[in-house]
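Residue numbers start from 1 in every chain, and the chains themselves are labelled A, B, ... in the order their sequence lines are given, proteins ahead of strands.
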Amino acid sequence: MLYREAGQFKTSYAKDLAIFPIRQDRWFIALVLIFFGLVVPLIANDYWLKSILIPLLVSSLAAIGLNILTGYAGQLSLGTAGFMAVGAFAAYNFNIRVPELPLIVDFILAGLCAALVGMVFGLPSLRIKGFYLAVATLAAQFFIEWVLTHFGWFTNYSSSGVISAPPMKMFGFAVESAVEKYLLTLGVVLVMALAAKNMVRSSAGRAWMAVRDKDISAEVIGIPLMKTKLTAFGVSSFYCGVAGALWTYCYLGTVEPAAFDLARSFLILFMIIIGGVGSILGSFLGAAFIGLLPIFLNNMAATIGHGTLQADTMANLEHVIFGGLIIFFLIVEPHGLARLWQIAKEKLRLWPFPY
Amino acid sequence: MTFFFEVLIGGLLAGVMYSLVALGFVMIFKASGVFNFAQGALVLFAALTFVGFMEKGLPFWVAMAVTLAVMMGSAILIERFVLRPLVNQPPITLFMATIGLSFLLEGLGQGLWGSQVRALDIGIEDLPFDVLGMTFSKFDFFAAGCAALLVGALVLFFNKTRVGLALRAVADDHQAALAVGIPLQFVWAVVWAVAGLVALVAGLLWGSRLGVQFSLSLVALKALPVLILGGFTSIAGAIVGGLIIGASEKLAEVFIGPYFGGAIENWFPYMLALAFLLIRPQGLFGEKIIERV
Amino acid sequence: MTKTIGDVILRCDNISLSFGGVRALSDISIDVREHEILAIIGPNGAGKSSMLNVINGVYHPQEGTVTWKGQTRRAMKPHESAESGIARTFQNIALFKGMSTLDNIMTGRYTKMRRNLLWQALYWGPARKEEIEHREVCERVIDFLQIESIRKTPVGRLPYGLQKRVELGRALAAQPELLLLDEPMAGMNVEEKEDMCRFILDVNDEFGTTIVLIEHDMGVVMDISDRVAVLDYGRKIADGVPDQVRTNPEVIRAYLGAGH
Amino acid sequence: MSQGGAPLLVINNIEVIYDHVILVLKGVSLTVPEGGIVALLGANGAGKTTTLKAVSNLLRAERGEVTKGSIEYKGQRIDRLTPNDLVKLGVVQVMEGRHCFEHLTVEENLLTGAHTRKDGRAAVARDLEMVYGYFPRLKERRKSQAGYTSGGEQQMTAIGRALLAAPKMILLDEPSMGLAPQLVEEIFTIVDALNKKEKVSFLLAEQNTNVALRFADYGYILENGRVVLDGEAQALRENEDVKEFYLGLSSQGRKSFRDTKHYRRRKRWLA
Amino acid sequence: AWAQANEQFVPMPIYRTGPYAAGGTGVFGAFMDYLALINERDGGLNGVKFTWEECETAYDNARGVECYERLKGKGPTGAAMFHPLSTGITYSVFEKGAVDKVPVVSIGYGRGDAMDGRVFPYLFPLITTYWSQNTAKIKYIGMKEGGMDKLKGKKLANIYHDSAYGKETIDILNKQAAMYGFEVKHFPVAHPGLDQKAVWLQIKQMAPDWVILRGWGVMNPTALKEAQRVNFPREKIVGVWWSGSEEDVRPAGAAAKGYVAAGFHPAGKNFPVIKDVEKFVYGKKKGNVEAERVGTIYYNRGIIHGIVSVEAMRVAQEKFGKKPLTGEQIAWGLENLNITAERIKALGAEGLLQPLKTSCLDHEGGGAVKFQQWDGDKWVIVTDWIEADKKLVRPLAEESAAKYAKEKNITPRTCN
Ligand SMILES: Nc1ncnc2c1ncn2[C@@H]1O[C@H](COP(=O)(O)OP(=O)(O)OP(=O)(O)O)[C@@H](O)[C@H]1O
Ligand SMILES: Nc1ncnc2c1ncn2[C@@H]1O[C@H](COP(=O)(O)OP(=O)(O)OP(=O)(O)O)[C@@H](O)[C@H]1O
Ligand SMILES: [Mg+2]
Ligand SMILES: [Mg+2]
């Protein structure tokens with residue numbers, strides 16, 4: 001009986017429009033935020049911050065981006081990493097070529113560049129649909145990778161095509177340590193996640209979903225398909241672009257275009273499908289699942305597997321388990337972890353009655 | 001000019017190799033509307049299994065038969081444990097499931113047979129011979145022959161058996177197909193088994209060119225533009241698409257590539273296919289996407 | 001009945017439409033007058049739905065013109081027709097399956113919402129105010145259609161009849177001048193049809209909305225429409241007040257059958 | 001129950017849950033006798049479609065589950081069979097909302113119905129002609145892709161497709177939806193003919209109560225996942241509530257849709 | 001178990017899956033074998049036993065970083081050093097290494113300019129870099145042509161994997177072309193390089209005298225096959241060492257016969273150290289790769305990783321005491337290596353390893369390569385050690401390192 005909205009009446013539409021209309025949810029979210037914003041920086045070590053949490057947050061951001069495009073607007077895309085690359089290299093170039101600009105402006109500009117590129121590659125979506133579009137977005141993926149490898153200007157003529165993020169400064173403070181980078185990432189991701197949530201629950205989001213669910217009737221209602229799809233591509237790529245910049249600046253430090261290869265695009269796609277297509281929360285859950293599972297399995301292998309199984313077999317077993325779990329979760333809940341979470345909440349709400 | 005034709009013909013022959021992989025995709029898409037991401041993994045798995053048995057000392061044809069049996073067994077398992085529980089789910093979910101499957105197959109294949117690189121010799125010479133100043137390889141013509149045979153058999157299979165119609169029905173609407181009594185489980189098992197056979201043929205041909213190793217699963221990337229160009233549902237499309245992609249990709253790389261620093265082969269076919277799609281959104285031979293209110 | 005039927009507000013002249021070999025509409029002219037309820041009836045495949053599709057621009061006829069709000073043209077763009085005050089429902093429900101009832105109805109307000117994406121991302125101040133304003137309009141529609149209890153339910157889970165009602169809600173939310181309804185009562189039982197008729201009549205009375213409606217239930221058609229047009233395999237065979245049409249021998253032969 | 005004929009299909013107290021949480025049928029029992037036409041009536045969302053899908057085992061594809069009770073056909077439990085087995089046993093469902101195979105032509109759609117048949121091409125061809133006989137409009141459009149045919153044409157295709165399976169029992173979900181009045185009448189005449197001549201039994205979910213009760217032998221009224229009333233079709237037609245709520249007749253005879261009131265008499269069975 | 005005090009921890013960021021698994025398993029497997037040998041035969045390095053832990057990177061940069069972070073702090077004194085075995089991962093972790101004081105060792109890959117230890121104190125491209133290797137290759141070609149002056153007017157084609165790794169030598173090749181008056185054309189091959197028909201047709205058109213192959217993984221056998229198809233003589237193809245393992249040529253079958261590749265060590269089991277590994281490690285069933293692979297190119301490369309790493313720790317122990325050491329201390333060892341011919345002999349690696357002497361200025365040390373030719377069945381050494389053209393390489397490296405230092409605001413250390 002703990003989780004019930006009983007007694008919480010909404011007296012205005014404004015209240016009903018709150019992100020978390022149920023009080024318990026608000027508490028829960030507040031706790032989560034306090035945990036990740038205050039507790040984690042105090043207790044987590046470098047390993048957790050640098051190689052688990054930061055990439056996790058950045059991937060979540062990219063996943064939110066892809067979710068806007070694929071989950072909300074229904075345009076399946078396999079070019080995510082390409083747009084991340086645009087963001088990463090744009091941020092780098094703004095940073096070194098116009099050093100006067102504050103870093104946060106670089107990030108925003110990076111996002112905008114990615115958005116622009118995204119919109120260009122989004123143009124075919126007006127005619128091409130479904131898996132055809134998905135494969136067509138691969139054109140973006142490969143083309144962007146190629147451009148960045150082949151035109152030295154983008155990498156400031158580094159002989160190997162690798163760029164290395166200059167030291168970061170944010171509002172006059174140097175962002176160097178793991179905690180600082182983590183907090184920067186967390187801040188950006190939270191603000192952008194909130195903005196995404198806001199967009200998807202207002203008219204832009206509804207237009208995206210309408211186009212996703214039934215584009216003809218969306219058009220008949222007066223939703224211009226072109227504008228809607230292109231904004232979806234733009235916003236989505238903006239998110240991916242910022243994610244790419246963060247990936248470079250806060251996580252890897254140095255990247256080559258190949259860091260944003262097709263495999264990364266796929267990983268992000270996995271994240272949203274496992275997490276929940278059309279769910280902001282799902283983007284985080286999916287990123288956690290896809291990002292952490294292999295690491296977890298690998299750690300398990302390192303601790304348990306040593307000696308019991310041949311190392312080769314262990315490594316491949318990780319793949320088998322990873323693949324198996326993806327299938328398992330899809331069967332349990334095709335709508336992803338976010339849906340599972342929702343069902344759990346629904347059950348909790350009804351508890352102790354089964355239905 | 002000779003050089004142009006040499007590139008052109010070489011490209012066409014390369015295209016046939018792409019088609020071989022694309023065919024597997026088409027089979028499964030036709031039958032279930034599933035975009036089978038695991039086709040590349042199937043190719044790898046089939047080739048690994050085959051080489052594995054060869055190394056165990058089985059003669060060529062026996063190894064072939066055993067591998068085929070393994071592929072069929074896998075088809076049945078895949079149907080039972082992956083597809084059946086996901087019937088009537090949206091295509092993207094099934095697509096994802098096949099991605100899971102590809103991880104599983106890659107892990108399983110390499111776990112069972114090891115991840116070292118193996119040579120595969122199917123007894124067809126890969127030596128060049130000259131015609132009118134152009135150099136070709138026998139192997140390529142052999143591959144083209146195999147592809148032609150395979151396509152012939154598949155076309156017969158689809159057009160002359162009841163399964164063909166059932167497949168197309170299933171691809172349109174799982175639930176309605178169930179309702180009219182189409183045995184979905186059987187149909188899917190059959191199709192996956194056929195896709196397994198296609199994968200085996202592709203695996204042997206590609207494997208004898210590249211060696212049997214993980215990278216075999218990446219040949220799928222070559223098949224995707226072929227697929228969208230030809231249309232997801234058309235066997236003929238897979239072939240024609242392959243030829244077009246193969247030829248234009250090579251011509252572009254040789255004659256346009258140098259102006260841009262080369263290596264345009266990765267994106268060029270996709271861009272080309274994209275351009276085609278703008279004219280025909282369902283690919284050259286694909287089924288028209290029906291939109292009605 | 002105090003309502004006065006006004007002038008012709010929509011005029012379709014000599015519309016012809018064919019798909020490949022199939023001639024769906026041949027040389028059809030239909031007028032729609034302000035405030036009236038016009039029913040279109042006819043056997044299956046007669047071209048009724050195609051006619052609606054032509055009116056709001058989903059199909060582009062090969063010949064003929066549509067005149068709406070003083071503009072005469074061959075074909076409209078669907079979203080232009082929506083912006084100029086035409087809303088519709090579909091024969092095969094075309095709701096947005098992944099969204100809740102409320103969100104579906106809110107999409108009906110799309111053309112009326114002005115705040116840009118940045119405001120929406122902030123969801124604060126004017127954007128929030130706008131959202132609330134439109135929400136109020138939608139809530140009125142929801143009240144009116146008595147679907148309060150399913151406000152937050154994803155429409156995909158709703159039974160057929162309710163989906164039809166939500167679809168009507170979505171169209172109403174746009175506060176259209178002309179409402180096109182394609183078999184709004186198919187698959188409903190009498191009780192639900194009564195409700196639906198009530199809604200349609202109320203919309204027509206209270207807001208003065210002009211309605212064009214396709215329906216197969218002759219009871220409904222005869223009772224609520226002001227005028228009936230009959231199509232038969234692409235041709236218009238009759239047009240007039242219900243009683244006139246009901247007794248027209250050609251209509252009886254082509255559509256009603258002896259039973260009526 | 002006073003139904004004639006041996007029970008062919010017996011549904012015993014079934015409960016259906018969607019998605020593990022949504023309880024839709026809360027104990028539904030009904031019987032279809034051999035050679036009978038049984039109508040399943042009820043408002044939107046009462047659970048008619050769900051009941052039919054429970055029988056044809058299509059629920060699983062919708063993430064629904066029969067959690068209690070049993071379903072027997074000819075005395076044999078069928079809850080575990082696949083839809084394909086059921087069709088082979090002669091139980092075919094015509095799904096609500098048509099569900100034609102969009103990319104197949106009308107004729108191909110019809111032929112898919114014959115997928116399970118083993119009695120040869122000639123027999124199938126004969127039945128195909130029979131269906132064209134019933135629905136001449138389909139013959140005209142046989143070469144069109146079903147996705148492009150009109151709503152009514154699709155409905156005919158769906159029904160025809162089921163007929164081609166040469167079924168013993170048809171689960172008909174809202175056959176009259178979207179059909180012109182003439183055709184509705186025709187379809188029920190066909191149902192009647194099949195029932196009389198070929199001894200096909202029907203379980204029929206219908207909103208058009210009027211016609212349904214005219215042709216059915218027996219009827220069940222479903223509300224909120226429960227059977228609230230059942231009886232001979234004749235008796236149901238006389239029932240006050242049924243008259244008011246399902247037939248649109250009040251004590252003064254048929255009332256106009258224009259004059260329906262905003263308030264209603266309470267349904268007696270809810271009291 | 002690493003909590004015990006007298007142990008030195010060595011991270012193993014291996015890749016056992018993915019397209020390059022053959023390299024990952026071979027090199028790291030042998031590396032672990034060598035450490036195991038020291039533990040089993042000598043009871044550790046001066047009593048300090050080696051421990052290690054694998055972490056699967058799948059050759060992915062992001063996962064490589066995760067492995068680095070995961071393993072850098074393990075063991076009583078933290079990670080001794082980090083061998084990324086991937087140019088990409090090297091780029092991603094070396095800056096972190098400088099901050100954490102964990103030496104990053106890239107033997108035969110990674111940044112060419114990192115040989116300048118003033119700017120890269122914690123990065124060690126030991127033995128040889130791509131740049132040095134490239135100059136040796138040109139020397140080899142010159143030798144075959146009958147003198148460096150004969151290079152004038154020759155045509156070279158450089159086929160490279162279109163990635164950071166592949167592009168490393170473009171600049172230096174251009175420089176050398178200008179120097180020696182040959183013509184060089186660069187042909188990128190898009191990853192993964194499954195089909196190279198277009199490139200090879202272009203090569204056929206160009207008809208170069210020599211082809212330089214910088215492939216990786218499946219790109220190598222494919223290149224050799226394609227060469228056969230256009231009738232390009234394999235003897236005229238010179239590969240880098242990542243194109244010169246058995247795994248690179250076997251799948252090409254007969255097409256590979258005659259192909260030449262650079263190497264900083266030979267294949268084969270006929271070295272006392274490898275005999276010892278077979279005896280002490282495989283004899284006790286503690287081997288880390290399939291026994292058949294012992295003595296292959298990748299395997300022997302792993303042994304060299306082992307020898308060099310352990311020698312560095314030995315040097316460091318001499319200075320800091322015979323106990324587990326920190327990364328900082330081992331970095332000193334890496335910087336003060338002096339593996340002489342006698343020492344190599346004592347190690348049982350005569351002919352396997354070249355003499356190596358590093359310093360604060362020079363983090364590379366050796367720089368010589370041998371050339372080997374595939375005879376259809378095994379690699380046969382065809383040259384003696386060929387020294388790199390340090391006069392050319394060193395200034396280039398310093399220039400590039402200085403540029404990097406400027407970009408990053410690093411003040412180079414002064415070495416004395
Ligand atoms: N997009 C299309 N492509 C091809 N044929 C079409 C298309 N739309 C409609 N038709 C055909 O045009 C004719 C008229 O169709 P329409 O949907 O307008 O009929 P209708 O009067 O609404 O029938 P129903 O009452 O059955 O819904 C039908 O024969 C249909 O098959
Ligand atoms: N796939 C599903 N998931 C969740 N709930 C469902 C699903 N399908 C149906 N329901 C719910 O089950 C209930 C019964 O639905 P059902 O379709 O059986 O009603 P019905 O009597 O056939 O109605 P109608 O006359 O509108 O066709 C409805 O409340 C509906 O919301
Ligand atoms: Mg219609
Ligand atoms: Mg129903």
At a heavy-atom separation under 4.5 Å, does E/Asp171 approach chain A through its side chain, its backbone, both, or neither?
-> side chain
With side chains defined as the heavy atoms from C-beta onward, is the minimum distance between A/Leu297 and E/Glu56 less than 4.5 Å?
-> no
So, the part of E/Thr25 with a heavy atom under 4.5 Å from chain A: the answer is side chain
Which region of E/Glu66, side chain (C-beta onward) or backbone (N, CA, C, O), has a non-hydrogen atom less than 4.5 Å from a non-hydrogen atom of chain A, or is it both or neither?
-> both
Extract all donor-acceptor atom pairs below 3.5 Å that involve side chains of residues 165-175 of chain A and protein atoms in other chains or at least two apart in sequence.
none

Under 4.5 Å from any heavy atom of chain A - which part of E/Asp100 = side chain
Heavy-atom donor-acceptor pair, E/Tyr91 side chain to A/Ile163 backbone, under 3.5 Å | no
So, E/Asp162 and A/His150: side-chain donor and acceptor under 3.5 Å apart, yes or no?
-> yes
Any chance the side chains of A/Thr254 and E/Glu95 put a donor and an acceptor closer than 3.5 Å?
-> no
Test item: E/Val99 and A/Glu176 side chains (from C-beta on) under 4.5 Å apart, heavy atoms | no
Side-chain contact, heavy-atom cut-off 4.5 Å: E/Val65 with A/Lys50?
-> no
Can you find a side-chain donor-acceptor pair between E/Arg63 and A/Asn298 that sits under 3.5 Å?
-> no
Heavy-atom distance under 4.5 Å to chain A: side chain of E/Asp60, backbone, both or neither?
-> side chain
Residues 283-295 of chain A: residues contacting chain E (heavy atom under 4.5 Å, by number) | A/Pro294, A/Ile295
With a 4.5 Å heavy-atom cut-off, do A/Asn316 and E/Thr17 have their side chains touching?
-> yes
